[in-house]
Engineer: 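There's a structure below that I have some questions on.
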2 protein chains.
Amino acid sequence: MHSFKQLQCFVAIVEEGGFTPAAQKLYMTQPAISWQIKTLEGELGLKLIERSERRLVLTEAGQLFYESAQTILNQYEKMDSEMEQFKNMEKGSLRIGASTIPGEYLLAADLARFTKTFPQVELQMRIGDSRSIVKLLLQENISVGVVGLKPQEEQIQVKPFLTDEIVCIAPPDHPLCRKEQVFLEDVLQERILMREFGSGTRNQLQEEIKKQKNTSCKVLMELGSTRAIISAVEAGLGLSWVSKTAVRDEAVKILDIEDFSIKRDLYVIWLKNRTLSPLGQTFVQMLEEAYD
Amino acid sequence: MHSFKQLQCFVAIVEEGGFTPAAQKLYMTQPAISWQIKTLEGELGLKLIERSERRLVLTEAGQLFYESAQTILNQYEKMDSEMEQFKNMEKGSLRIGASTIPGEYLLAADLARFTKTFPQVELQMRIGDSRSIVKLLLQENISVGVVGLKPQEEQIQVKPFLTDEIVCIAPPDHPLCRKEQVFLEDVLQERILMREFGSGTRNQLQEEIKKQKNTSCKVLMELGSTRAIISAVEAGLGLSWVSKTAVRDEAVKILDIEDFSIKRDLYVIWLKNRTLSPLGQTFVQMLEEAYD
DNA sequence: ATGGAACCATAAATTTTCCTTATTATCTTT
DNA sequence: AAAGATAATAAGGAAAATTTATGGTTCCAT
């Protein structure tokens, strides 16, 4: 088994045109170079360099070897710089933004994985409604966002990555929970709780109701977070719609409404004109892999 | 600078699924593997293998490294097998040069044998007069030459390998063919055909005539190839001298001249300061064996 | 649970590899 | 022929890699 050093010495000799200059290039002494070549030739059982005359000349074997040695060293350097780049990612920081649903529920696992891979990276996540996340992105306060509302801005690169389902929730002891079939009309009779204006969930919900039933719903209470809504529903203050993932382990009942359902696409967004940092790229890639 | 061994160990671990099996595969002890990985990770500044849990798991960095390491090792093996092939003469090319007689007549069988033994080798033979072959050798356009004129150059290694006889030929119906004893004077009366200037045959012939008889001969026609001379002699245009091997199956008569005969040594030549490639060595060796 | 088996990490000692300095040999140049 | 440049060689020593021996986990089966 030969070593990188041998290849390196050999290539240096060829390129610098002699043992002594090669030694200088590699910060070694000339006998060390001689030794490397000697062992290399010994291992190969072939003479690589003809060194009788003033100028060094490669033997046929030497020429053949030179081709491959070069390729290998190039490949080696490529690898090294790749690893270097990767290592640099460990030192950086990544600021992402997410709207409530992805931020508070969905992304938790991904963030954990990310910080495990890059423990040194300072990771910041800002949570807000979709509109504010887009704003943060445009101001470059964050470099990646995950939102539930497709931004229309020209400068924003949008990539859908997951479809979330928005479900209607009720306290477990609510009359509708016992009903065989529940329709949208039944629900709209009830007190409805909602997130604040600007929420992607609320926005989409109202549009869907209007589109599918051509009515609107009375919003009897506005709350600032999904968690607050769940608590309120649980306490019997009314019904509401939230992301299915948000209620996985909660003490509220999901109402299966026969004639109404909402799917909600989630999008990863970043600025078109900024090339995403290696860390950002890796983060996006991790999301893609996770929700493929 | 990492080593091939490190890559090798790492790849072996990934492929064998553990340190211990990797050690067995590489005929090393397990601590040696541990050490290699440790230093590799240290040099990179990155952890490659997660070994806390029951199963070994590659980190993200490890996966990245694995890709490149594999490529490099593959390339390395390719190089190694190429060199091995070269050493075994299954690969490579051999360019030889020969002057007319050896090239067109004598060497045919040897070349055939050579290509049969080494079918993968690209074999080139250039034919010219002795002087031009020497020139090609000095310019390193060929690595071995076979000539009929001993080159005087200091840098050329010369090895005689065969003595060819140069005989006088005449058309079968020529008067001299019926004569009991033929002497040189008889022949010199006739029309003499010869090869162009620079030919070893011609050179030697004229020198021998001058030496042995202290006369010179009138050259009445110069022809560019031995075959052309034979045809011309056959057609009755005159007499000439050619290598005995060239007329083996030809329709011309050999004149046995009582007081004149020429032996001609053929030489294998190569450059002193270049080590002959394995192929070249073998070729020379084959010639020696064939004409021992 | 508990003893054993499999597996990796660590330590110390040893071997091997590799590099350096010093010197010699060879070839080129003047 | 002498000087200069360049590679080979020798000897000593530093550094790297490997081995044996051992310790600590985890996993499995009794």
Side-chain angles (χ1 to χ4, degrees), chain A residues 1-59 61-62 65-66 69, chain B residues 1-59 61-62 66 69 73 76 138 153-157 271-275:
Chain A
M1 186 104 198
H2 339 295
S3 65
F4 274 117
K5 200 111 202 204
Q6 288 171 321
L7 306 200
Q8 213 180 15
C9 289
F10 177 71
V11 169
I13 289 171
V14 175
E15 287 173 355
E16 303 293 315
F19 283 55
T20 310
Q24 286 169 350
K25 184 185 180 188
L26 300 178
Y27 304 106
M28 301 165 69
T29 55
Q30 169 265 314
I33 303 274
S34 281
W35 185 82
Q36 291 283 1
I37 298 304
K38 193 179 174 182
T39 58
L40 178 57
E41 288 182 332
E43 285 168 15
L44 287 171
L46 288 168
K47 201 166 184 190
L48 298 177
I49 301 176
E50 202 67 67
R51 44 222 157 183
S52 50
E53 327 168 30
R54 100 200 80 181
R55 265 190 62 66
L56 298 182
V57 184
L58 289 189
T59 63
F65 191 81
Y66 180 59
Chain B
M1 186 103 198
H2 338 295
S3 64
F4 275 117
K5 200 110 200 204
Q6 287 171 322
L7 306 200
Q8 213 180 16
C9 289
F10 176 72
V11 169
I13 288 170
V14 175
E15 288 173 354
E16 303 292 313
F19 283 54
T20 309
Q24 286 170 348
K25 185 186 179 186
L26 300 178
Y27 304 105
M28 302 165 68
T29 56
Q30 169 266 314
I33 303 274
S34 281
W35 185 85
Q36 292 282 3
I37 298 304
K38 192 178 174 182
T39 58
L40 178 58
E41 287 182 333
E43 285 168 16
L44 286 171
L46 288 168
K47 201 164 185 190
L48 298 177
I49 302 176
E50 198 67 64
R51 50 245 199 208
S52 52
E53 318 165 34
R54 95 202 78 180
R55 266 189 59 68
L56 295 183
V57 184
L58 287 189
T59 63
Y66 179 59
L73 286 181
Y76 174 82
L138 290 173
E153 280 82 353
E154 179 58 32
Q155 324 109 40
I156 292 182
Q157 184 71 261
L271 288 179
K272 260 182 190 159
N273 43 5
R274 298 274 172 276
T275 35

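Per chain, numbering begins at 1; letters A, B, ... match sequence-line order.
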Engineer: Is the shortest side-chain N/O distance from B/Thr39 to OP1 or OP2 of D/dA17 below 4.0 Å?
Structural biologist: no
Engineer: Quick one: B/Met28 CE to C/dT15 C1', roughly how many Å, whole number?
Structural biologist: 14 Å
Engineer: Can you find a donor-acceptor pair, distance only, under 3.5 Å between B/Gln36 side chain and D/dA17 base?
Structural biologist: no
Engineer: Mapping A/Gln6 and A/Gln30 to their closest nucleotides on DNA chain C, which lands nearer the 5' end?
Structural biologist: A/Gln6
Engineer: B/Gln8 has an atom CD; how far is it from atom P of D/dT18, in whole Å?
Structural biologist: 10 Å
Engineer: With the side chain counted from C-beta on, respond yes when A/Gln36 and A/Phe19 share a heavy-atom pair under 4.5 Å apart, and no when they do not.
Structural biologist: no
Engineer: Nearest to the A/Leu56 side chain among D/dA7, C/dT21, C/dC19, which nucleotide is it?
Structural biologist: D/dA7
Engineer: May I have the step-by-step check of side chain to side chain donor-acceptor pair (under 3.5 Å) for B/Gln30 and B/Ser34, ending in yes or no?
Structural biologist: CA-CA 6 Å; B/Gln30 169 266 314; B/Ser34 281; 3.1 Å; yes
Engineer: For a quick test of reading the model: is some side-chain N or O of A/Arg51 closer than 4.0 Å to OP1 or OP2 of D/dT6?
Structural biologist: no
Engineer: Is there a side-chain polar atom (N or O) of B/Lys38 under 4.0 Å from OP1 or OP2 of D/dA17?
Structural biologist: no
Engineer: Determine whether a donor-acceptor pair (N or O, by modelled atom type, separation under 3.5 Å) exists between the side chain of B/Glu41 and the backbone of B/Leu48.
Structural biologist: yes
Engineer: Return the value, rounded to whole Å, for the distance between atom CE of A/Met1 and atom P of D/dT18.
Structural biologist: 11 Å
Engineer: Indicate yes or no for a side-chain donor-acceptor contact from B/Thr59 to the backbone of B/Ile49 under 3.5 Å, with no hydrogens or angles considered.
Structural biologist: no
Engineer: Expressed as a whole number of angstroms, how long is the span from A/Leu40:CG to D/dA7:C1'?
Structural biologist: 17 Å
Engineer: Take atom CD of A/Gln24 and atom C1' of C/dC19, then tell me their distance rounded to the nearest Å.
Structural biologist: 17 Å
Engineer: Does B/Lys38 have more than 12 heavy atoms from other residues, nucleotides or ligands lying within 6.0 Å of its NZ?
Structural biologist: no
Engineer: Pick base, sugar-phosphate or nothing for B/Thr29, based on heavy-atom distances below 4.0 Å to the nucleic acid.
Structural biologist: base
Engineer: Is the distance from OP1 or OP2 of D/dT6 to the nearest side-chain N or O of A/Thr20 less than 4.0 Å?
Structural biologist: no
Engineer: Of the listed nucleotides (C/dT21, D/dT18, C/dT10), which one gets closest to any side-chain atom of B/Lys5?
Structural biologist: D/dT18
